[in-house]
Number of protein chains: 2
Amino acid sequence: MALFGTIEGGGTKFVCAVGTSPDDLRAKVTFPTTNPEETLGRAISFLSVQDPLDAIGIAMFGPLDLNPTSATYGSVRATPKPEWSRVDVVSLISEAFGVPVGFDTDVNGAALGEGRWGAGRSLGTLLYVTVGTGIGGGGVIAGNPIHGLVHPEMGHVRIPRHPDDSFPGTCPFHGDCLEGMAAGPAIAARWGRPADELGTDTGRAVEFEAFVLGHAMANLVLTISPERIILGGGVMKIPGLLEATRVQMLTSLGGYVDVPAFANGAVDFLVTPELGDRSGIAGGLVLAEQAISRLNR
Amino acid sequence: MALFGTIEGGGTKFVCAVGTSPDDLRAKVTFPTTNPEETLGRAISFLSVQDPLDAIGIAMFGPLDLNPTSATYGSVRATPKPEWSRVDVVSLISEAFGVPVGFDTDVNGAALGEGRWGAGRSLGTLLYVTVGTGIGGGGVIAGNPIHGLVHPEMGHVRIPRHPDDSFPGTCPFHGDCLEGMAAGPAIAARWGRPADELGTDTGRAVEFEAFVLGHAMANLVLTISPERIILGGGVMKIPGLLEATRVQMLTSLGGYVDVPAFANGAVDFLVTPELGDRSGIAGGLVLAEQAISRLNR
C-alpha cells in the first residue's frame, strides 16, 4: 500500500503527517505558520526523515494558482500575507522529494477528506464550509474539487442582512459580506467578546449569526445542490448555532426545494465534520493519491 | 457518425431536432407546451419519422429527478405545472425508441451545448444563466453537469437589495429572491411595462436590474469560480443591461478576485450565448452522446 505525506497549511499553523488514512497516521507534527522558508523548511525536514513516500498532498490557504496550464501553477497568488505571495509551494516540495505532488485549497482538501473517510462518504457532490477566523468553502462535484477561473472564495458572497442588524461588517474588501458579518472577528467586534466567551447567554448573537449563515447555506443549496454541507470551524461550536442555522436555511428556502433530506429539519444534510481536526490532513492524503492517478492516466 | 435526436422542453414551447451538431440539424420542429400526453406525443411523432437515431437527449424545464439510483429517475418532480408532475419522460422516450436517452435540465443542457460549440468552448468550468420569464442557471464542472441533492435552482438565491429599492418581489415562494426581483414578470410589475417595451428611456430600470444581477454574478464567481458565465434570455436584450451587470459584478467583488479575466471589465467573462436560441437543442445533442458513452463505460 502506498505511503503518503500530507501537509495542511493553515494561516496560523501547519500540520504535516505521513500515513495511508486518517486512522493510520504513522507520524504527525504541528508548528506555527511563519515565513515561507522556515515553515516549508520544517515541513520538508519532517517528511524527509520518514519512510519513503509515494506522493505528497498539500491542502493550504489561498489564494492559490491551481491552473495546471499556468506558468505559476502550484504557487500562492497575491495574498494578504505578503511574504507568501508568489511562493512556488509545489515546485519546492516536488524538488525536495521527487514524487508526485497534489495541491489544492485547505477547504477543497477538507471536502475531499470528509468525502473519503468522514461525513461525506459515498456522496458525489458535497460542500465543506468552515466558519472561524475567516470563512472558506470548498467542494467536490462528481469526484472533482471545484475550481475554474481560480477556486471558490465562498466566504465573500453577499447575503441579505437581518432587518434589525446594522453592523457594518469587518471585511476590508466588502464590509458586510458573509465573512465580514459572520466570521470570528465579526462576532468579537459586534458583541465585544469572542465567540467562545459568549457563553449560553448569547442574546441575539445566535439569531444574527444563524440568519447570515442560514441564508448563505440556502444560496449554496440553490446554486450547487450538494447532497450534504459539512459546516466546521470554531464559530460553529457556539451552543445552538448549528441548529438555528438549519432552521434559518429551511426558512430561507421557503419550501422551494422539496426533498426527503429536508423533511426532518435537515439534520443529516447540514452536519459537522466527522474527522474533526483531521479533515485537512485527510484531504492531503486524497490529493497525494490523485496526483499518482493523474500520472497513470 | 452517430445521428441524435434532441428535445428542448421549455415551459412555453418544445423544440425537437435531429442532427449531429447545431450546424448540422437535418430536421427541426417547434410547438407549444401543452399537456404531457400531447406534447411528448408530438415529440415522439416527429422523431419517429426521421432516419434511425442512435440516442436521444432531453434538456427540459424542472424540477427533475436526475438521481440515477432513484426509482423515479427521469421524471418531472412536483412542479407548478401540475399535469407534468411525476411524468416519467425518460421511460416514455426510451420505450418509444429503444435507444439510450440522456436527460438534464434545460439550463444544464444549454451549458453543455455552449460548452461544446458555443461561448464556452474548451472551458472546463462554465455557467449558463438565463433571465427571462424566470431565472435559471446550470453549469458544467470538469465536464460534468452540476447536480447533487437535486439540481441547481439558481434563480431563487437571495441577494442584497439596492438601498433605494423597496419593490417586494414577485416570487410566490420567496418574494424578493433573484427571480422575484429580476425576471421578466418582476420588471413588468415594477415598471408597468414589459422589458421589451422599456425602450431606451429605462430610467432606473437598468440600474436596479443590474444591481441585482451583478450581485448574483459576483456570488456565482465566489461560489463556483467558473471560467466564464454565459448570460442569456430575453431580459438581457435590454440595451445597456449586460454592460451595467458587468460593472456591478466587479463592484460587488471589490477587487477581491484579481484575475486577468476581470482586467478589461470582464467583457470576455460575462458574455451572451453564441448559439443564440440553439443552446438547448445543442445541449440535447451532447446529452444524447453522453448517454451512449455511459453505456460503453
Side-chain angles (χ1 to χ4, degrees), chain A residues 63 66-68 77-79 123-127 137 139-161 171-178 215-216 218-229 252-262 269, chain B residues 63 66-68 77-78 123-127 137 139-161 171-178 214-216 218-229 252-262 269:
Chain A
L66 299 176
N67 176 357
R77 293 164 46 86
T79 153
L123 301 180
T125 303
L126 71 135
L127 300 181
V140 176
I141 296 185
N144 299 292
I146 305 176
H147 15 94
L149 188 66
V150 211
H151 46 71
E153 293 282 2
M154 297 184 192
H156 293 271
V157 293
R158 308 296 182 101
I159 48 306
R161 55 169 59 233
C171 175
F173 287 89
H174 308 118
D176 65 354
C177 68
L178 175 61
H215 273 86
N219 278 0
L220 290 178
V221 166
L222 294 163
T223 303
I224 297 182
S225 200
E227 291 166 82
R228 189 167 289 158
I229 300 178
S252 178
L253 289 171
Y256 189 76
V257 180
D258 179 21
V259 291
F262 292 164
F269 176 82
Chain B
L66 299 176
N67 176 357
R77 294 163 47 84
L123 301 180
T125 302
L126 73 134
L127 301 181
V140 176
I141 295 184
N144 299 291
I146 305 177
H147 17 92
L149 188 65
V150 208
H151 47 70
E153 292 282 3
M154 297 183 190
H156 293 271
V157 294
R158 307 296 181 102
I159 47 310
R161 55 168 61 234
C171 175
F173 288 88
H174 310 118
D176 65 353
C177 67
L178 175 60
H215 274 86
N219 279 1
L220 290 177
V221 167
L222 294 162
T223 303
I224 297 182
S225 200
E227 291 165 82
R228 188 166 292 159
I229 300 178
S252 178
L253 289 170
Y256 189 76
V257 180
D258 180 20
V259 290
F262 293 164
F269 176 81

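No part of A:R161 comes within reach of chain B, as not one of its non-hydrogen atoms sits under 4.5 angstrom from that chain. Both the backbone and the side chain of B:H156 come within contact range of chain A, each with at least one heavy atom under 4.5 Å from a heavy atom of that chain. Heavy atoms closer than 4.5 Å to chain B are found in the side chain of A:H174, but not in its backbone.
Your options are A:P152, A:G139, A:A261, A:P63, and the one with the most heavy-atom pairs under 4.5 Å with chain B is A:P152. Across B:S252, B:A216, B:G143, B:A78, the residue that shares the most heavy-atom pairs under 4.5 angstrom with chain A is B:S252.
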Can I get a per-line list of side-chain donor-acceptor pairs under 3.5 Å for residues 218-228 of chain B, giving both atom names and the distance, sequence neighbours left out?
residue : atom : partner : partner atom : Å
B:N219  : OD1  : A:R158  : N            : 2.9
B:N219  : ND2  : A:R158  : O            : 2.9
B:T223  : OG1  : B:N219  : O            : 2.7
B:S225  : OG   : A:V150  : N            : 2.8
B:S225  : OG   : A:H151  : N            : 3.2
B:E227  : OE2  : B:G124  : N            : 3.0
B:E227  : OE2  : B:T125  : N            : 2.9
B:R228  : NE   : B:D268  : O            : 2.9
B:R228  : NH1  : B:A119  : O            : 2.6

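Annotation: the span from A:Y256 atom OH to B:C171 atom SG amounts to 7.0 Å, rounded to 0.5 Å.
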